[in-house]
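Values below: every heavy atom of this structure, side chains too, minus hydrogens, waters and symmetry copies.
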Amino acid sequence: MIATGHFPCRRHASAGLHLYALTALAAVLGFLPFDTHARTQTCFVVSIHSGDTLTARCGDAASASAWRRVRLQGIEAPKPGQPFAEQARQKMHDMVRLKPADVDCDDPTSHARERICRVMVTPDSAPNGPRTLDAGLALLTVGLARWQPAQAQRLSPQERGQYEFAEEEAKAKRAGLWKDARPARP
(Lines give C-alpha, C1' and ligand atoms only; values in the text may rest on other atoms or scores of the structure.)
Protein backbone atom coordinates (compact mmCIF):
# COMPACT_ATOMS: atom_id res chain seq x y z
CA MET A 1 0.00 0.00 0.00
CA ILE A 2 1.29 3.45 -0.89
CA ALA A 3 1.16 6.08 1.86
CA THR A 4 -1.10 8.82 0.54
CA GLY A 5 -2.16 10.44 3.78
CA HIS A 6 -5.60 8.88 3.48
CA PHE A 7 -6.70 6.08 5.75
CA PRO A 8 -8.69 3.17 4.32
CA CYS A 9 -11.13 2.99 7.26
CA ARG A 10 -12.44 5.13 10.10
CA ARG A 11 -10.55 3.24 12.78
CA HIS A 12 -7.19 4.03 11.18
CA ALA A 13 -8.20 7.65 10.56
CA SER A 14 -8.97 8.07 14.28
CA ALA A 15 -5.62 6.50 15.22
CA GLY A 16 -3.84 8.85 12.83
CA LEU A 17 -5.59 11.85 14.35
CA HIS A 18 -4.63 10.74 17.87
CA LEU A 19 -1.04 10.23 16.76
CA TYR A 20 -1.03 13.72 15.24
CA ALA A 21 -2.45 15.24 18.45
CA LEU A 22 0.14 13.44 20.60
CA THR A 23 2.95 14.59 18.32
CA ALA A 24 1.73 18.19 18.46
CA LEU A 25 1.43 18.00 22.26
CA ALA A 26 4.96 16.59 22.57
CA ALA A 27 6.29 19.41 20.39
CA VAL A 28 4.58 22.05 22.52
CA LEU A 29 5.70 20.45 25.77
CA GLY A 30 9.25 20.32 24.49
CA PHE A 31 9.40 24.10 24.80
CA LEU A 32 8.15 24.29 28.39
CA PRO A 33 10.71 24.89 31.16
CA PHE A 34 10.48 21.49 32.85
CA ASP A 35 13.26 22.32 35.30
CA THR A 36 10.81 24.48 37.25
CA HIS A 37 8.54 21.48 37.71
CA ALA A 38 11.14 18.79 38.44
CA ARG A 39 12.51 20.13 41.71
CA THR A 40 13.32 16.93 43.60
CA GLN A 41 17.03 16.25 43.88
CA THR A 42 19.09 13.74 45.76
CA CYS A 43 21.33 15.73 48.08
CA PHE A 44 23.68 15.06 50.97
CA VAL A 45 22.87 16.85 54.24
CA VAL A 46 26.05 18.55 55.43
CA SER A 47 25.06 20.64 58.45
CA ILE A 48 22.14 21.60 60.65
CA HIS A 49 21.56 25.27 61.54
CA SER A 50 18.36 24.89 63.57
CA GLY A 51 15.40 22.55 63.88
CA ASP A 52 14.02 23.67 60.54
CA THR A 53 17.10 24.83 58.57
CA LEU A 54 20.00 22.86 57.12
CA THR A 55 22.67 22.95 54.44
CA ALA A 56 22.73 20.28 51.74
CA ARG A 57 25.07 19.53 48.85
CA CYS A 58 23.20 18.68 45.67
CA GLY A 59 25.29 17.55 42.72
CA ASP A 60 28.93 18.48 42.10
CA ALA A 61 30.54 19.68 45.35
CA ALA A 62 32.93 21.96 43.41
CA SER A 63 30.04 24.01 42.03
CA ALA A 64 28.91 26.95 44.14
CA SER A 65 25.29 26.23 43.17
CA ALA A 66 25.57 22.71 44.61
CA TRP A 67 25.40 24.03 48.17
CA ARG A 68 21.88 24.88 49.34
CA ARG A 69 20.52 26.37 52.51
CA VAL A 70 17.21 24.56 53.00
CA ARG A 71 14.30 25.48 55.23
CA LEU A 72 11.78 22.71 55.92
CA GLN A 73 8.40 23.25 54.31
CA GLY A 74 5.28 23.52 56.45
CA ILE A 75 6.91 23.80 59.87
CA GLU A 76 8.54 26.32 62.14
CA ALA A 77 10.90 25.12 64.86
CA PRO A 78 11.98 27.21 67.86
CA LYS A 79 14.74 29.70 67.10
CA PRO A 80 18.12 29.52 68.88
CA GLY A 81 17.72 30.82 72.42
CA GLN A 82 14.05 29.82 72.67
CA PRO A 83 12.85 26.85 74.76
CA PHE A 84 13.27 23.52 72.93
CA ALA A 85 15.43 25.06 70.17
CA GLU A 86 18.43 22.87 71.00
CA GLN A 87 16.26 19.73 71.24
CA ALA A 88 14.76 20.49 67.80
CA ARG A 89 18.22 21.09 66.30
CA GLN A 90 19.55 17.87 67.87
CA LYS A 91 16.55 15.84 66.61
CA MET A 92 17.09 17.20 63.09
CA HIS A 93 20.81 16.42 63.39
CA ASP A 94 20.08 12.83 64.43
CA MET A 95 17.56 12.32 61.61
CA VAL A 96 19.28 13.82 58.58
CA ARG A 97 22.93 14.89 59.07
CA LEU A 98 25.42 13.11 56.82
CA LYS A 99 22.64 11.23 55.03
CA PRO A 100 21.48 11.31 51.44
CA ALA A 101 18.08 12.99 51.19
CA ASP A 102 15.43 13.57 48.56
CA VAL A 103 14.99 17.34 48.61
CA ASP A 104 11.87 18.71 46.91
CA CYS A 105 12.05 22.51 46.75
CA ASP A 106 9.91 25.45 45.77
CA ASP A 107 10.63 27.77 42.87
CA PRO A 108 14.25 28.96 43.22
CA THR A 109 13.33 32.57 42.49
CA SER A 110 10.89 32.87 45.38
CA HIS A 111 13.47 32.96 48.20
CA ALA A 112 16.88 34.47 47.62
CA ARG A 113 18.72 33.27 50.75
CA GLU A 114 17.21 29.86 51.28
CA ARG A 115 14.90 27.38 49.60
CA ILE A 116 11.70 26.05 51.16
CA CYS A 117 11.86 22.27 50.75
CA ARG A 118 10.48 18.95 51.84
CA VAL A 119 13.31 16.69 53.01
CA MET A 120 12.91 12.90 52.89
CA VAL A 121 15.53 10.55 54.37
CA THR A 122 15.87 6.85 55.09
CA PRO A 123 14.64 6.09 58.61
CA ASP A 124 17.16 4.62 61.06
CA SER A 125 14.79 1.66 61.55
CA ALA A 126 15.29 0.65 57.88
CA PRO A 127 18.79 1.86 56.89
CA ASN A 128 18.75 0.04 53.55
CA GLY A 129 15.20 1.03 52.67
CA PRO A 130 13.77 3.90 50.65
CA ARG A 131 13.71 7.53 51.79
CA THR A 132 10.30 7.58 53.46
CA LEU A 133 10.90 9.68 56.58
CA ASP A 134 9.61 13.25 56.15
CA ALA A 135 11.87 15.31 58.45
CA GLY A 136 9.31 18.09 58.95
CA LEU A 137 6.51 15.69 59.79
CA ALA A 138 8.81 13.87 62.21
CA LEU A 139 9.56 17.12 64.11
CA LEU A 140 5.84 17.88 64.34
CA THR A 141 5.16 14.37 65.65
CA VAL A 142 7.56 14.76 68.58
CA GLY A 143 6.34 18.29 69.34
CA LEU A 144 9.51 20.14 68.36
CA ALA A 145 7.93 22.33 65.67
CA ARG A 146 4.68 24.11 64.85
CA TRP A 147 2.58 23.45 61.75
CA GLN A 148 2.66 26.40 59.33
CA PRO A 149 0.03 25.83 56.60
CA ALA A 150 0.97 29.07 54.83
CA GLN A 151 4.43 27.59 54.13
CA ALA A 152 3.15 24.28 52.77
CA GLN A 153 1.70 25.11 49.35
CA ARG A 154 3.36 22.14 47.65
CA LEU A 155 1.93 19.54 50.03
CA SER A 156 -1.06 17.54 48.89
CA PRO A 157 -4.31 17.85 50.88
CA GLN A 158 -3.58 14.43 52.41
CA GLU A 159 -0.07 15.51 53.48
CA ARG A 160 -1.41 18.78 54.89
CA GLY A 161 -3.86 16.73 56.95
CA GLN A 162 -1.00 14.55 58.22
CA TYR A 163 0.99 17.63 59.30
CA GLU A 164 -2.01 19.18 61.05
CA PHE A 165 -2.88 15.88 62.75
CA ALA A 166 0.74 15.39 63.91
CA GLU A 167 0.69 18.78 65.64
CA GLU A 168 -2.69 18.05 67.27
CA GLU A 169 -1.39 14.70 68.55
CA ALA A 170 1.76 16.33 69.96
CA LYS A 171 -0.41 18.92 71.73
CA ALA A 172 -2.66 16.20 73.17
CA LYS A 173 0.38 14.27 74.44
CA ARG A 174 1.98 17.50 75.70
CA ALA A 175 5.15 16.53 73.83
CA GLY A 176 8.11 18.81 73.26
CA LEU A 177 7.27 22.50 73.21
CA TRP A 178 3.64 21.66 74.08
CA LYS A 179 4.80 20.78 77.63
CA ASP A 180 4.68 24.50 78.39
CA ALA A 181 1.25 25.93 79.16
CA ARG A 182 2.03 28.84 76.81
CA PRO A 183 4.71 27.68 74.34
CA ALA A 184 6.85 30.40 72.79
CA ARG A 185 6.06 31.23 69.18
CA PRO A 186 9.13 30.51 66.99
Test log, rule side chain to side chain contact (heavy atoms under 4.5 Å, CB included), inputs Val103 and Cys105: CA-CA 6 Å; Val103 178; Cys105 298; 3.4 Å; yes

Could you check if a side-chain atom of Glu169 sits within less than 4.5 angstrom of a side-chain atom of Thr141, using non-hydrogen atoms only? no

Do you reckon Leu72 sits in the same ILVMFWY cluster as Val142, going by side-chain contacts under 4.5 Å, direct or chained? yes

Among side-chain atoms of Arg68 and Gln41, is any donor-acceptor pair under 3.5 angstrom? yes

Least distance between heavy atoms, Val121 atom then Met95 atom: CG2-O, 3.7 Å

The test is side chain to side chain contact (heavy atoms under 4.5 Å, CB included); show your working for Leu54 and Val96 and say whether it passes. CA-CA 9 Å; Leu54 55 93; Val96 303; 4.2 Å; yes

Would you please test Glu167 and Arg146 for side chain to side chain contact (heavy atoms under 4.5 Å, CB included) and show each step? CA-CA 7 Å; Glu167 181 181 79; Arg146 287 180 182 257; 3.7 Å; yes

Main-chain N/O of Lys179 paired with Arg174 side-chain donor or acceptor, under 3.5 Å: yes

Mind listing the closest non-hydrogen atom pair of Ala88 and Leu139 along with its distance? O-CD2, 4.1 Å

The criterion is salt bridge (charged side-chain N to carboxylate O under 4.0 Å, His left out); which residues satisfy it with Glu168, sequence neighbours excluded? Lys171

I need the minimum non-hydrogen distance between Gly74 and Ala152, along with the two atoms involved. CA-CB, 3.8 Å

Does the side chain of Val70 come within less than 4.5 Å of Val119's, by heavy atoms? yes

Looking at Arg89 and Asp94, is there a salt bridge between them, counting it only when a charged N and a carboxylate O are closer than 4.0 Å? no

Look up atom CZ in Arg115 and atom SG in Cys58, then write down how far apart they are to the nearest 0.5 Å. 8.5 Å

Measuring from atom CG of Asp180 to atom CZ of Phe84, what distance do you get when rounded to the nearest 0.5 angstrom? 5.0 Å

Taking the side chain from Gln82 and the backbone from Arg185, do they hold a donor-acceptor pair closer than 3.5 Å? yes

Salt bridge check: are Asp104 and Arg118 linked by an N-O gap of less than 4.0 Å? no

Side chain to side chain, Ile116 and Arg71, heavy atoms closer than 4.5 Å: yes

Separation between OG1 (Thr55) and CZ (Arg97), nearest 0.5 Å, reads 11.0 Å

Approximate separation, where rounding is to 0.5 Å, of Cys43 SG and Arg57 CZ: 9.5 Å

May I have the step-by-step check of side chain to side chain contact (heavy atoms under 4.5 Å, CB included) for Met120 and Thr42, ending in yes or no? CA-CA 9 Å; Met120 303 290 288; Thr42 299; over 6 Å; no

Can you find a heavy atom in the side chain of Leu140 that is under 4.5 Å from one in the side chain of Phe165? no

Expected output: side-chain Asp134 to main-chain Gly136 donor-acceptor under 3.5 Å: yes

Who are the ring-ring contact (aromatic ring centres under 6.0 Å, His included) partners of Trp147, not counting sequence neighbours? Tyr163

Contact summary for Pro127 and Thr122, nearest pair of heavy atoms: O-CG2, 3.5 Å

So which heavy atom on Arg160 is nearest to which on Gln153, and how close? NH1-N, 4.0 Å

Heavy-atom check, side chain of Arg131 versus side chain of Pro100, under 4.5 Å: yes

Taking every heavy atom of Glu76 against every heavy atom of Asp52, the minimum-distance pair comes out as CA-OD2, 3.5 Å

Would Arg154 and Glu159 pass as an ion pair if we require N to O under 4.0 Å? no

